[in-house]
Amino acid sequence: MSRLEIRRFEDLETLSRAGAGTLVAAIRERTSRTLPFHIALSGGSTPRPLLRILAQEVPDAALAGDLLHTWWGDERMVSPDREASNYRMARRLLTDPLGIPGEQVHRIHGEADDPDAEARRYETLMRGHFGGEGVSFDLALQGIGEDGHTASLFPSSPALVETARWALPVEAPLGTAVTERITLTLPVLNRSRRVWILAAGGAKREAVRSLLDHPEGDPSCPASLLSGLEETVLWADREALAD
Ligand code: 6PG
């Protein structure tokens, strides 16, 4: 477990540039030792500039090749070609531009007819790569919703107290984009070396306030329950921090 660290930025662009540079250094540290780097990606709009910069403006051979593996912290149960697909967003911004081999792009099958079976398939895949109790991802790159959710772990959801399964089918609150989803759970997310939470814009002010007011974690703000093995960092701009 690690205590939350805050990194403040003027705006999302400067946050994303700093994040991309730090991520490249972390990837390079692993791949220079011919070790894989496993990243769990989120959906939403906040990570888009960081992914774009990572793929287009940070020329580094370590990013491509056979050592970078992409996973998803959650997925909407839609086909991978739909606008709402978290996989589609990352494919367009990151995995296709970097030419990451298909066998290293571990998407959740949003088109699956049986979300529970798909969640179990994905868990088996993760366990095959990470083993039972060791480190999971090198980085869980997560966002935070206006209600404090992260991945598809929503406030007071029963998924928040799951201790055995690493992935679950969930129903997002009515009104959210695509209610039927699969989410990773805290047992696997909190076994990441690093957890980064990205927050930008005034609309996230209340959620960020709640995150900072609950250093021990609270189910009313699921993002406050995230904690990486080595670091947990809130990357936020001034508007989200109400600085
Ligand atoms: C999703 C995301 C979700 C996202 C937050 C923040 O599938 O919707 O994984 O957890 O990170 O909703 O979204 P924005 O970055 O668009 O505000």
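Each residue takes its place number in the sequence, starting with 1. When a ligand or atom number is given, it counts from 1 through the structure's own listing order.
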Can Asp138 and Arg30 be counted as an ion pair, charged N to O under 4.0 angstrom? yes
Which of the numbered atoms in ligand 1 are below 4.0 angstrom from a heavy atom of Gly43? 2 (C), 9 (O), 11 (O)
Arg181: numbered ligand 1 atoms lying under 4.0 Å from its heavy atoms: 1 (C), 7 (O), 8 (O)
By number and element, which atoms of ligand 1 are closer than 4.0 Å to a non-hydrogen atom of Gly143? 11 (O)
Are any of the N/O atoms on Gly44, whether in the backbone or the side chain, positioned under 3.5 angstrom from an N/O atom of ligand 1? no
Below 4.0 Å, non-hydrogen atoms only: which portion of Thr176 touches ligand 1? Side chain, backbone, both or neither. neither
Would you say Gln142 and ligand 1 have an N/O pair spaced under 3.5 Å apart? no
Output the list of atoms in ligand 1 that are nearer than 4.0 Å to some heavy atom of Ile144, sorted by atom number. 6 (C)
Heavy-atom contact check, 4.0 Å cutoff: does Lys204 meet ligand 1? yes
Give the atom numbers and elements of ligand 1 that come within less than 4.0 Å of a heavy atom of Ser45. 14 (P), 15 (O), 16 (O)
Met126 side, atom CE; His106 side, atom NE2 - distance, nearest 0.5 Å: 11.0 Å
Got a sec, which residues hit side-chain hydrogen bond (donor to acceptor under 3.5 Å, both in side chains) with Glu146, two or more places apart in sequence or on another chain? none
Does the side chain of Tyr122 reach to within under 4.5 Å of the side chain of Arg127, using non-hydrogen atoms? no
Under 4.0 Å between a Lys/Arg side-chain N and an Asp/Glu carboxylate O for Asp96 and Arg92? no
Check this for me, if you would: do Glu162 and Arg165 make a salt bridge, where the nitrogen-to-carboxylate-oxygen distance has to be below 4.0 angstrom? no
Taking only heavy atoms of Asp74 into account, list the atoms of ligand 1 that are under 4.0 Å away from them. 1 (C), 2 (C), 7 (O), 9 (O)
I need the nearest protein heavy-atom contact for atom 8 (O) of ligand 1: residue, atom name and distance, please. Arg76 NH2, 2.8 Å
Have a look at ligand 1 and work out which part of Glu75, if any, has a heavy atom under 4.0 Å from it: side chain, backbone, both or neither. neither
Can you tell whether the side chains of Glu231 and Arg193 come within less than 4.0 Å, N to carboxylate O? no
Please determine if Arg7 and Glu5 form a salt bridge, counting it only when a charged side-chain N lies under 4.0 Å from a carboxylate O. yes
Give the atoms of ligand 1, by number and element, whose distance to some non-hydrogen atom of His149 is under 4.0 Å. 3 (C), 5 (C), 10 (O), 12 (O)
The complete set of salt bridge (Lys or Arg N to Asp or Glu O under 4.0 Å) pairs with one or both residues in residues 99-115, sequence neighbours excluded, reads Arg107-Glu111
Nearest non-hydrogen protein atom to atom 15 (O) of ligand 1, with distance, is Thr46 OG1, 2.6 Å
Please classify the Ala177 to ligand 1 contact at 4.0 Å (heavy-atom distances, strictly less than): side chain, backbone, both or neither. neither
Of Ala151, Gly145, Ala223, the residue with the heavy atom nearest atom 3 (C) of ligand 1 is Ala151
Using a strict cut-off of less than 4.0 Å between a Lys/Arg side-chain nitrogen and an Asp/Glu carboxylate oxygen, indicate whether Arg88 and Glu83 qualify as a salt bridge. yes
